[in-house]
Amino acid sequence: MIYYIAFILIGVGLYGIVSQKNLFKQLVSLTIIDTAVNIFIVSLGYLDGAEAPIYSYVTPVANFVDPLPQALVLTAIVIGVGILALASMLLIHINEEHGSVDVEEIRAAKEVIE
Amino acid sequence: MITLLVAVPLAFAFATVAFPKLNKYVFPLVTLFNLTLLIGYVHPTQVVEVGKWPALYGIVLLLDNVNYPFLILVNLILLAVSISATFQDKLGTLLIVLTAALNGLLLTGDFFNAFVFLEIISAVAYILSAQNKNSYAAFKYLIFGAIAGTLYLIGAVSMYVYAGTLNMGYAGFIASHEYLEIAGILMLIALLIELKVLPLGLWAPDVYSNGSTLTPVILGSAITLTMFYFYARLFFNIIGPVNTNLVYVLAIVSLIFAQLAAMKQRTLGRTLSYLAIAGASTVMAAFSAGAMGDEKLISAALLYLFNDIIAVFVLFIIFGYLNGKGFKDNTVAGIAFSLVSISLIGFPLTAGFWAKINLLTALFEAGDYILPAVLLAAAVIQAGYLIKWNVDLWYVDNDSETEEIYLPFGAQLVVLLFALALVVIGFMPDLIKAYTDKIASHIFDFKTYFDTILKGGM
Amino acid sequence: MRRIWALLITAVFVYFLIGIYLPTLPEFGNIDMFRRVSFDYISKSTTREYQPVEFKHSKGLEEGSANVVTSIVVNYRSFDTLGEVTVLFTAALGVGILASIRKRRVEFEEHRVLSVATGIVFPLILLFGAYIFIHGHLTPGGGFPGGTVIALGVLLLMLAKNEFKVTDVAKYTEQIAGSGYVLVGLIGMAIAGVFLANFFPTGIVGELFSAGVVPIVYTLIGFKVGAELSSLVSELREGDRA
């Protein structure tokens, strides 16, 4: 079932954030978590045998899946994009300041300063 | 009418992007407008259905006796920040957006709307914490905060699945209790990350110690206050207490760690940030001890929160400007710093004394002995390092080569006023106690909340 | 050591999700639509009795979009969309503030095939983006994908021609469109009494000129998102031009 896929993807993303040393890989894992949660929310609204929630020539009368999770996911995706853009800019900053995006090297550079 | 509290700052924020030089004047004006609207024109228990859709289907903004004092305090703090902190012009637009978002989170009555406002606040906080070349700490905060936001999102959507609607009042009424608790656990973890409780709040020491006059002041006072309001609204009013024993233990452990760590730090910045974490953990422990309906305890915890917020504001602004230099040339800053430290330790005749006494009394009456013991031990440790820092800063030798730094006039005024306010409340604690008692008596009352929403908007 | 912590935290969390959280959810594909609010969103009956809606026949309803998701995003829960627009605005502003550290421009090599092809494809991309957000109430999509397509067209132009700069027009467009959205809400407050109320007639479900204020709002959002993402990409590339 699709719920299992979404939960395992969340687990993969969480594992990536905690265990990776490269900051960029942590950011990619965060994106995986975002995508997995969006998949999960959309799948909460599925109704067997129903169509996409748009009145058209194909479906002139209503036989639709649940449209509210789709509206929520629209907002959640855009918010995820905004956070991703901010994080990328911060990574550029870290690279210019410390010279690398690896946690060990940054920590070593900070020890030298103090 | 109360939508104007959110709409007007947003309109101004969008309008001032092209004129960054005007930000210095627009930001105080906007917070002043909000304050006059709150004090003069709107009164508690109003419901607005945004877009004129009925409450079950649309978004509801609610002003009642619980969030009215919080609103006034948050807008007051933002007004103080606008006068006293120095920041580059472009940040002013972000601060106006933050005003709108904080007011929105305090007013909203809808789970997903709260998520959107939570994300706006978090985005502004990430940008603020990257000031003063502190990008690595800001990145860590971003990762923690984004996970918190995602967990809250799963919790909010589960509310929809269990109850069929996203409105807080209706969802609390319709959904069954065990389902509410499971969604509550998800939202609880998200709020614990934001409230800096220690194993989940590891981002806080690095972020708060970046030495700017803006970041730790806003993050530690206004945003922490709003998050505590949201915690109280969710877990006392709507969902009911979730896992309080676990949170209690966690908060006590966090308090012990934070105070011990604050003692061992070498720089003032990190000491103060651990102090802020310790304050937040104390209030969280008190909240979870009183979660079953103990109004006296919640009222005392709110007074402690108020004292902590004002203290953190004053301490961090002084640290941001002086950056560790002495008080010999800055007597106003020094007096404010020492007064606030005395209030935090809990000497008589300050607000902190009443906060601690009320908290201990209420805890003893509730039959709890662990938290008072930890609280007293922590107070001793806190007194130790605060007195040491005060002595260090008053009697430091200023080399004549380093240039002298003065606080600007606005900052001196605000800092002195806040410190004196704490002393005044020490003489007359009933000023604030009336408000905290009113909040505590209304916050456990789900029936009044639901009836207000049922009666509908204007 | 990191990997052990990571495995532990992940195991506890996935166990919570699959063991404790999953049993409380309804079975996949088998939801009870009558218990949820969406039932009234679909039949547009939040303020009247239930009556099924038919494409190109029903007129003068409380809400006129043929696309039910659009009606939720822009009409029933318009306040959330205002917040979402603000999140994007904050992110773009933050990138602009932080971008002052970029001292050098990222240079691209020009390829002849790309330059020629972009000249042909770019107007089509803009047309497609505009089609998406103008027809947001009739077909899937709306303001956000439409604005993103326009920004992608600008990115293509940036990759094809090395000297291309995004000027201040983007900032002004973003500002005007953003204030326009709040202004629509305030006009709704002046006319109908509540913020963000719909004040245009809703017409027949399925026509281009229907659904009241919804196409206007989506057009504003399309412009805003397009301008925002274009200036964001430009700042990631060459820093602050101020």
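Hydrogens, waters and symmetry mates are skipped; everything else that's a heavy atom, side chains included, is used. Note on naming: letters A, B, ... go to the chains in the order of the sequence lines (proteins, then strands), and numbering restarts at 1 for each one. Because the structure is a prediction, the values reported are computed rather than measured.
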Counting only heavy atoms not in A/Tyr3, do more than 12 fall under 6.0 Å of its OH?
yes

Pull out the residues in residues 40-49 of chain A that come under 4.5 Å of chain C, heavy atom to heavy atom, sorted by number.
A/Phe40, A/Ser43, A/Leu44, A/Gly45, A/Tyr46, A/Leu47, A/Asp48

Please name all residues satisfying ring pair (Phe, Tyr, Trp, His ring centres under 6.0 Å) with C/Phe144, sequence neighbours left out, ordered by chain then number.
none

Does any backbone or side-chain atom of A/Tyr15 lie under 4.5 Å from a heavy atom of chain C? Answer side chain, backbone, both or neither.
both

Taking atom types as modelled and ignoring hydrogens, do the side chains of C/Tyr181 and C/Thr86 form a donor-acceptor contact shorter than 3.5 angstrom?
no

C/Pro140 vs A/Ile54 side-chain heavy atoms within contact, under 4.5 Å:
yes

Whatever's closer than 4.5 Å to a heavy atom in chain C on A/Tyr4 counts as side chain

Inter-residue atom distance A/Gln70.CD - C/Thr70.OG1, 0.5 Å rounding:
10.5 Å

Measuring heavy-atom distances to chain A, does C/Leu7 have an atom under 4.5 Å in its side chain, in its backbone, in both, or in neither?
both

Heavy-atom cut-off 4.5 Å, strictly under: side chain, backbone, both or neither for C/Val14 against chain A?
side chain

Please look at A/Leu14 and chain C and tell me whether the side chain, the backbone, both or neither of the residue comes under 4.5 angstrom of a heavy atom of that chain.
both

Partner chain A: residue of C/Thr81, C/Val95, C/Asp80, C/Leu88 with the largest heavy-atom pair count (under 4.5 Å):
C/Val95

Keeping the roles fixed (side chain from C/Asn198, backbone from C/Val213), state whether a donor-acceptor pair exists under 3.5 Å.
yes

Per-residue contacts, residues 25-32 of chain A versus chain C, heavy atoms under 4.5 Å:
A/Gln26

Check: C/Glu228 and C/Lys224 side chains under 4.5 Å, non-hydrogen atoms:
yes

Do any N or O atoms from the side chain of A/Asn95 and from the backbone of A/Leu91 form a donor-acceptor pair under 3.5 angstrom?
no

Side chain, backbone, both or neither: which part of C/Thr139 has an atom under 4.5 Å from a heavy atom of chain A?
backbone

May I ask you to check whether A/Thr75 and C/Glu84 show a side-chain donor-acceptor distance below 3.5 Å?
yes

Do A/Val65 and A/Pro53 have side chains that get closer than 4.5 Å, going by heavy atoms?
yes

C/His137 versus C/Leu208, closest heavy-atom pair with distance:
NE2-O, 2.8 Å

Enumerate, atom names and distances included, each donor-acceptor pair closer than 3.5 Å involving a side-chain atom of residues 16-38 of chain C, sequence neighbours excluded.
unit_1, atom_1, unit_2, atom_2, d
C/Tyr21, OH, B/Ser158, OG, 2.6
C/Thr24, OG1, B/Tyr162, OH, 2.6
C/Thr24, OG1, C/Tyr21, O, 2.7
C/Arg35, NH2, B/Tyr162, O, 3.3
C/Arg36, NH1, A/Asp66, OD2, 2.6
C/Ser38, OG, A/Asp66, OD1, 2.3
C/Ser38, OG, B/Tyr160, OH, 2.5

Looking at A/Ala71, A/Ala76, A/Ala50, which one has more heavy-atom pairs under 4.5 Å with chain C than the rest?
A/Ala71

Look at the rings of C/Tyr131 and C/His135 and say which category their plane angle falls in: under 30° parallel, 30 to 60° tilted, over 60° perpendicular.
tilted

Is there a side-chain contact between C/Leu152 and C/Ile125, using heavy atoms and a 4.5 Å cut-off?
no

Under 4.5 Å from any heavy atom of chain A - which part of C/Val68
both

